Amino acid sequence: MGRLIYSALASLDGCIADRDGGFDWALPGDDVHAAVNARMHGVGVFLLGRRTYEVMRAWDAIDLDGLPEVVVGFARIWRSADKVVYSRTLHHVDAPRTRVERHFDVDGVRRLVPSLGRDAAIGGPDLAGAAFRAGIVDEVLLHVFPVLVGGGTPAFPEARLDLALAETRTYDRGVVGLAYRRVTT
């Protein structure tokens, strides 16, 4: 049965982008990239907000010749998965395996994830907020970078979800990986 996974690269003060929208401080080293690839390997569909999609869509077009294996590996994961972009303003996408939905249907996602036979990943804190509030996020993967950006886009929405620590790992450059699973009652 598939899980709904929220994954983020964040600053120590909990942001995925700084006040100017920059996130160059979160460029993963090969070790972090390989760990993300390992977790995302089983993803059959990415559920994305418009802004996250606009950042991630570069993976469809990037020329992979001569790039490190971890980069090629993620591009393959991305390209082999379906993508659903939730947006009221985006009317058309020209990327393969990608479609636009106007509204995030919690019940539809609740039915979709177990039917996939693979995991689903949800990206973007605004979109993930609806999934957190509905209690349908099964796993949270967070890679924390040793930088304070002083504000920006928070990694987590205003929502309550009880989690249990499943794994911790340290990486080069002081990055810490945290994996949590939803506590079910």
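The first residue of the sequence shown is numbered 1, and numbering continues consecutively from there. Keep in mind that the numbers below use all heavy atoms, side chains included, and drop hydrogens, waters and symmetry copies. Being a predicted model, the structure only gives us computed values, none of them experimental.
For the pair K83 and W59, the cation-pi criterion (under 6.0 Å, within 45° of the ring axis) is not fulfilled.
Annotation for R51: atom CZ does not count as buried by contact number, only 12 or fewer foreign heavy atoms lying within 6.0 Å. Heavy-atom neighbours of F23 CZ from other residues, nucleotides or ligands within 6.0 Å: at or below the threshold of 12.
Contact annotation: the side chain of V100 never approaches that of H92 to less than 4.5 Å [non-hydrogen atoms, C-beta and beyond].
The residues D119 and R39 are annotated as not salt-bridged, no charged nitrogen and carboxylate oxygen being separated by less than 4.0 angstrom. A salt bridge links E69 with R76: the distance from a Lys NZ or Arg NE/NH1/NH2 to an Asp or Glu carboxylate oxygen falls below 4.0 Å. Under 4.0 Å is where a charged nitrogen must lie from a carboxylate oxygen, and between R133 and E158 no such pair does.
Side chain of R3 to backbone of E139: no donor-acceptor contact under 3.5 angstrom is found. When atom types are taken as modelled, the side chain of R57 and the backbone of A95 share no donor-acceptor pair closer than 3.5 angstrom.
Taking the side chain to side chain contact (heavy atoms under 4.5 Å, CB included) definition, one finds that P146 meets it with V175, sequence neighbours left out.
Using modelled atom types and a 3.5 Å distance limit, the side chains of H143 and R169 yield no donor-acceptor pair.
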Would R110 and D107 satisfy salt bridge (charged side-chain N to carboxylate O under 4.0 Å, His left out), going step by step from the backbone distance to the final call? CA-CA 5 Å; R110 189 178 277 128; D107 291 327; 2.8 Å; yes
With salt bridge (charged side-chain N to carboxylate O under 4.0 Å, His left out) as the test, would you mind laying out the steps for E167 and R181 before giving the verdict? CA-CA 9 Å; E167 182 183 337; R181 292 203 174 85; over 6 Å; no
